[in-house]
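Please read the structure below before turning to the comments.
Throughout, numbering of the chain's residues begins at 1 and tracks the sequence.
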Amino acid sequence: MLLKTTDQRKLTGWQKIANRKSKIANDFNVLFTCIGRRVSLLQSFRRAAAQLKMNAAFLGTDRAGLSSALQLCDRRFLVKPTTHRGYIGQLLSIVKANRVKLLVPTVDLDLKSLARNEPKFAAAGCRVLVSTQDVIDICQDKRKTYRFLVKNGFDAAITMSVRSVLSMSKINWPCFLKPWDGSAGRENAVATNRKELLFYARRIPNVICQEFVEGAEFTCDAYVDFGMKVRCVVPRRRIEVRAGETSKGQVTMNGRIMDEAAALVEKLGAGPGVITLQLFLTDDGKVKFIEINPRFGGGVPLSIKAGANFPKWILQELTGNKPNIRPDGFKDNLTMLRYDSEVWLEGS
Ligand SMILES: Nc1ncnc2c1ncn2[C@@H]1O[C@H](COP(=O)(O)OP(=O)(O)O)[C@@H](O)[C@H]1O
Ligand SMILES: [Mg+2]
């Protein structure tokens, strides 16, 4: 049922054999949804399972077969778009047919529906690495994120509607414009005067206006265990960004950022799993949060390489073992420089 799309029919001989072979029972099957280009994350789960001597299979879903990470999964599934009403039903069928024990979302798109349907997955014996609907609601609307941050005493980039900004007698230029429901840095703009503000405001859907924050930008990976306790935070400085994702980054174990990020995640009640926070450390020493993504972020391979072996900890916890997490045991200053790599598909 799930395999009959055009792309799936294009699977080459060896891929079909791989799919068939991996039907042999595994002890612990993990399913990544919308796996896209998350090759590094997939491989770090594989390495973790090997370290733990687990007999695990790694499954993936995507909308299209031409996804690099999907090709590297033990079993591949083409599914409907995340907005389709049959999407969750498809995932549940895959989970049941393959006795999946853990489902890992990798993008924002299906978080809400996974959270809403989490009990159905639990009933099928599958843990979903997702926060509650309320938490996702706060994270996926940057206006609500701002309100949450301010209400709970965290510093944040001042966020207003364009109308409120325009009604002010004195505006602090420049302003940062973006959609309140945006992602991957799409539709972002900087306005330096009223004319530009009006120009962008007409073009950016669901636009909000933020103070333009200057300083060093950081992403933090926070690990929340299955008892919903924040166990560690790894801050990494964003040196260079490509298509909304860190392409050059450096671990920077800044105590203040770690404490504030941990307090934020704790207060929000996000988790279990990895929660990704974005913030600026301003020149006058303030920690200003701008975004919370309740899932694995694109730059997480850096924290994993630095010693925050999230995949191993998750697999350990789910198999009844206690991970040994030292909240400061990570390689400070470790730098990641990313490059493109290839997956080759042969045959028709
Ligand atoms: N208020 C701001 N001031 C300066 N830069 C910003 C501001 N908001 C966002 N940015 C920049 O734009 C990028 C994308 O913004 P973000 O809020 O993370 O939205 P998303 O990732 O959902 O598109 C950030 O990583 C940051 O570099
Ligand atoms: Mg972002």
Side-chain angles (χ1 to χ4, degrees), residues 18-19 21-35 37-61 68-77 91 94-106 114 118 121-122 124-131 221-234 236 251 271-276 294-331 334 336:
N19 266 353
K21 264 195 182 160
S22 61
K23 293 252 157 54
I24 301 163
N26 286 92
D27 296 340
F28 201 97
N29 295 338
V30 180
L31 176 66
F32 296 87
T33 59
C34 307
I35 192 161
R37 294 152 49 96
R38 296 296 194 102
V39 174
S40 185
L41 182 64
L42 168 69
Q43 306 299 41
S44 57
F45 266 90
R46 271 195 202 284
R47 274 195 302 275
Q51 277 173 18
L52 297 167
K53 302 201 171 12
M54 285 172 69
N55 181 21
F58 296 91
L59 291 60
T61 72
S68 46
L70 186 68
Q71 294 301 329
L72 300 177
C73 288
D74 300 317
R75 299 175 212 167
R76 302 171 267 280
F77 300 92
L91 293 187
I94 296 169
V95 161
K96 287 175 191 163
N98 295 274
R99 284 178 286 123
V100 171
K101 301 258 175 54
L102 169 67
L103 188 151
V104 183
T106 65
L114 284 170
E118 193 270 333
F121 289 92
C126 175
R127 224 30 230 253
V128 183
L129 215 54
V130 74
S131 297
D221 296 312
Y223 183 71
V224 184
D225 68 18
F226 286 86
M228 296 303 280
K229 211 169 158 320
V230 181
R231 300 289 298 276
C232 72
V233 173
V234 186
R236 40 188 175 84
V251 171
V274 173
I275 306 299
T276 313
R295 57 167 170 79
F296 278 109
V300 75
L302 173 53
S303 299
I304 296 174
K305 186 74 183 173
N309 199 340
F310 305 127
K312 185 175 170 189
W313 301 342
I314 290 165
L315 295 178
Q316 283 179 310
E317 285 204 68
L318 288 179
T319 50
N321 296 299
K322 257 193 164 163
N324 176 19
I325 304 172
R326 282 183 39 221
D328 54 357
F330 313 115
K331 276 188 203 153
L334 182 70
M336 173 180 74

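- A search for side chain to side chain donor-acceptor pair (under 3.5 Å) contacts involving Arg231 returns Asp225, not counting sequence neighbours.
- Between the side chain of Thr276 and the backbone N or O of Phe296, no donor-acceptor pair lies under 3.5 Å.
- Here the side chains of Leu91 and Leu114 are in contact, with some heavy-atom distance below 4.5 Å.
- For the pair Leu41/Pro301, no side-chain contact is recorded, criterion being any heavy-atom separation below 4.5 Å from C-beta on.
- Residues Ser68 and Val39 have side chains in contact (heavy-atom distance under 4.5 Å, counting atoms from C-beta outward).
- Looking at Phe77 and Arg75, their side chains come closer than 4.5 Å, going by heavy atoms from C-beta outward.
- Residues satisfying the side chain to side chain donor-acceptor pair (under 3.5 Å) criterion with Thr33, sequence neighbours excluded, are Asp110.
- Residues that satisfy the salt bridge (Lys or Arg N to Asp or Glu O under 4.0 Å) test with Arg37, not counting sequence neighbours, are absent from this structure.
- The side chain to side chain donor-acceptor pair (under 3.5 Å) search around Arg38 returns none, not counting sequence neighbours.
- Put simply, the side chain of Leu318 reaches to within 4.5 Å of the side chain of Arg127, judged on heavy atoms.
- Across all their heavy atoms, Pro327 and Ile325 have their closest contact at CD-O, 3.5 Å.
- Side-chain contact check for Ser303 versus Phe330: every heavy-atom pair is 4.5 Å or farther apart.
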Output, in order, the C-alpha distance, side-chain angles, deciding distance and verdict of side chain to side chain contact (heavy atoms under 4.5 Å, CB included) for Val95 and Cys126.
-> CA-CA 7 Å; Val95 161; Cys126 175; 3.6 Å; yes
Verify side chain to side chain contact (heavy atoms under 4.5 Å, CB included) between Gln43 and Leu72, making sure each step is shown before the conclusion.
-> CA-CA 9 Å; Gln43 306 299 41; Leu72 300 177; 4.1 Å; yes
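- The minimum heavy-atom distance between Pro294 and Ser131, with the atom names listed, is CB-OG, 3.8 Å.
- With hydrogens and angles disregarded, a donor-acceptor distance shorter than 3.5 Å links the side chain of Arg76 to the backbone of Gln71.
- Once rounded to the nearest 0.5 Å, the distance linking CG of Asn29 with CG of Leu103 reads 12.0 Å.
- Counting heavy atoms from C-beta outward, Phe226 and Ile314 have side chains that approach closer than 4.5 Å.
- Nearest heavy-atom pair, Leu334 versus Leu302, reported as atom, atom and distance to 0.1 Å: O-CD1, 3.6 Å.
- Side-chain atoms of Val104 and Val30, non-hydrogen and from C-beta on, do get closer than 4.5 Å to each other.
- Checked by atom type and distance alone, the side chain of Asn309 never pairs as donor or acceptor with a backbone atom of Ile304 at under 3.5 Å.
- Taking Arg236 as the reference, Asp221 meet the salt bridge (Lys or Arg N to Asp or Glu O under 4.0 Å) condition, with sequence neighbours excluded.
- Looking at every heavy atom in both residues, Asp27 comes nearest to Lys101 through O-NZ, 2.8 Å.
- Counting only distance, with no hydrogens or angles, the side chain of Thr61 and the backbone of Cys34 share a donor-acceptor pair below 3.5 Å.
- Between Leu315 and Phe45, the closest heavy-atom pair is CD1-O, 4.0 Å.
- Atoms CG and CG, from Leu102 and Leu31 in turn, are 8.5 Å apart once rounded to the nearest 0.5 Å.
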Test log, rule side chain to side chain contact (heavy atoms under 4.5 Å, CB included), inputs Lys331 and Val251 = CA-CA 7 Å; Lys331 276 188 203 153; Val251 171; 6.0 Å; no
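- The side chain to side chain donor-acceptor pair (under 3.5 Å) test applied to Glu317 returns Tyr223, not counting sequence neighbours.
- Proximity of a side-chain donor or acceptor of Arg99 to a complementary backbone N or O of Lys96 within less than 3.5 Å is not detected.
- Lys312 places no side-chain N or O within donor-acceptor distance of the main-chain N or O of Pro323, the cut-off being under 3.5 Å.
- The heavy-atom pair separating Asp74 from Ala56 by the smallest distance is OD2-O, 4.4 Å.
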